[in-house]
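Computed from a prediction, not measured in an experiment: that's the story for all the values here. By convention here, the first residue in the shown sequence is residue 1.
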Amino acid sequence: RLRPKVVLRARLVERLNEGLAAGRKLTLISAAAGFGKTTLMSEWAAGCAHPVAWLSLDNGDNDLTRFLIYFVAAIQTQLQPIGEGALQALQSPQPPPADVILTALLNEIATMPGALILILDDYHVIEAKQVDQALTFVVDHLPPTVHLVIASREDPPLPLARMRARDELTELRAADLRFSLNEALEF
């Protein structure tokens, strides 16, 4: 939710909308603490015409199984009952490899009409290579109806250079998030 008296960032929301309209797979919002990443995403999500699934990450999400369960649960907030099979597989005593679960999940999402925006907030808390690898798999195989947004204090270990070269990435950095003169005066 947006807090009262927040400085609205129309110029940044427009950049996010442009990336979405261009069909880019990923939006990366990367800046230090206090730059308003979460507030910007909240403003954008509140005015977005597409359903938005949101996952706020914490240190416990470095466990791959937990990360995937919450990832699926976030998607289910907008696309119920997508992911039921993935959740059952994740909760089994011997879950299959992450790429098998994610392939089934992404194929299931691809059959759904309409778009979905999936926000991963505070990705900088993720230190587990397995989670990074799972997310790289997701980005590489993302259905065209899904747009992923990652907010982080540092760049995630994803193939960002390749995505830039293919025009699949929208980036907002600290320089973009700094208040303009008018925004500073409004603040």
Side-chain angles (χ1 to χ4, degrees), residues 1-58 61 70-71 73-79 82 106 109-110 112-126 132 135-136 138-187:
R1 294 186 187 143
L2 283 176
R3 287 177 263 153
K5 299 184 182 179
V6 70
V7 176
L8 298 178
R9 314 292 302 276
R11 66 185 172 85
L12 298 177
V13 168
E14 182 58 31
R15 294 246 332 255
L16 295 172
N17 286 332
E18 286 170 2
L20 184 63
R24 295 188 184 115
K25 287 183 176 187
L26 175 65
T27 294
L28 175 62
I29 305 172
S30 182
F35 271 82
K37 298 177 295 290
T38 301
T39 302
L40 173 62
M41 291 185 307
S42 295
E43 178 185 349
W44 184 50
C48 190
H50 301 293
V52 177
W54 189 301
L55 177 56
S56 293
L57 300 166
D58 62 34
D61 296 318
Y70 288 159
F71 185 82
I75 292 168
Q76 286 186 330
T77 64
Q78 300 298 324
L79 297 178
I82 293 290
L106 294 171
I109 291 170
M112 297 299 294
L116 173 70
I117 296 170
L118 177 57
I119 294 175
L120 300 179
D121 196 10
D122 292 330
Y123 195 81
H124 57 273
V125 301
I126 300 299
D132 291 333
L135 187 61
T136 298
V138 167
V139 168
D140 285 343
H141 299 90
L142 207 59
T145 57
V146 179
H147 183 78
L148 182 63
V149 180
I150 297 175
S152 181
R153 294 180 186 171
E154 56 193 39
D155 285 1
L158 296 173
L160 299 178
R162 180 183 58 178
M163 295 182 79
R164 277 184 206 106
R166 294 181 179 173
D167 195 29
E168 297 175 334
L169 176 64
T170 299
E171 296 177 85
L172 294 177
R173 304 283 180 173
D176 303 304
L177 295 169
R178 286 188 180 99
F179 277 176
S180 67
L181 179 58
N182 289 339
E183 290 166 340
L185 290 170
E186 183 181 340
F187 180 74

Nearest 0.5 Å, what's the [atom1]-[atom2] distance between [X] and [Y]?
{"X": "L12", "Y": "M41", "atom1": "CG", "atom2": "CE", "value": "12.5 Å"}
{"X": "Y123", "Y": "L148", "atom1": "OH", "atom2": "CG", "value": "9.5 Å"}
{"X": "L158", "Y": "M163", "atom1": "CG", "atom2": "CE", "value": "7.5 Å"}

Kindly give the heavy-atom pair with the smallest separation between [X] and [Y], and that separation in Å.
{"X": "S180", "Y": "R11", "result": "N-NH2, 3.8 Å"}
{"X": "A151", "Y": "D121", "result": "CB-OD1, 3.5 Å"}
{"X": "R178", "Y": "E183", "result": "O-OE1, 4.0 Å"}
{"X": "Q78", "Y": "L116", "result": "CB-CD1, 3.7 Å"}
{"X": "D140", "Y": "K25", "result": "O-NZ, 3.4 Å"}

query: Does the distance from a Lys or Arg side-chain N to an Asp or Glu carboxylate O, for R9 and D176, drop under 4.0 Å?
result: no

Would you say the side chain of [Y] lies within less than 4.5 Å of the side chain of [X], judging by non-hydrogen atoms?
{"X": "L40", "Y": "L16", "answer": "yes"}
{"X": "W54", "Y": "T38", "answer": "yes"}
{"X": "T27", "Y": "L20", "answer": "no"}
{"X": "L28", "Y": "P156", "answer": "yes"}
{"X": "L135", "Y": "I150", "answer": "yes"}

With sequence neighbours excluded, tell me which residues meet salt bridge (charged side-chain N to carboxylate O under 4.0 Å, His left out) with [X].
{"X": "E14", "result": "none"}
{"X": "R173", "result": "D155, E171"}
{"X": "D61", "result": "R66"}
{"X": "R153", "result": "none"}

field: All side chain to side chain contact (heavy atoms under 4.5 Å, CB included) counterparts of P143, not counting sequence neighbours
entry: L106, I109, A110, T145, V146

- line: Sorted by chain and residue number, the side chain to side chain contact (heavy atoms under 4.5 Å, CB included) partners of T77 (sequence neighbours excluded) come out as A53

field: Verdict with supporting geometry, V138 and L118, side-chain contact (heavy atoms from CB on, under 4.5 Å)
entry: CA-CA 11 Å; V138 167; L118 177 57; 5.8 Å; no

message: Can you list everything that forms a side-chain hydrogen bond (donor to acceptor under 3.5 Å, both in side chains) with R24? Sequence neighbours excluded, please.
response: D167, T170

task: Report the residues that fulfil side-chain hydrogen bond (donor to acceptor under 3.5 Å, both in side chains) with D122, sequence neighbours left out, ordered by chain and then residue number.
output: none

message: Going by ring pair (Phe, Tyr, Trp, His ring centres under 6.0 Å), name the residues that satisfy it together with F71, two or more places apart in sequence or in a different chain.
response: F67

- prompt: Taking it one step at a time, do M112 and I82 satisfy side-chain contact (heavy atoms from CB on, under 4.5 Å)?
  reply: CA-CA 9 Å; M112 297 299 294; I82 293 290; 3.5 Å; yes

Quick test of your reading: applying ring-ring contact (aromatic ring centres under 6.0 Å, His included), list the pairs with at least one residue in [range], sequence neighbours left out, ordered by first then second residue.
{"range": "residues 12-49", "answer": "none"}
{"range": "residues 6-33", "answer": "none"}
{"range": "residues 140-181", "answer": "F137-H141, F179-F187"}

task: For the pair E154 (side chain) and S30 (backbone), establish whether a donor and an acceptor sit closer than 3.5 Å, ignoring hydrogens and angles.
output: no

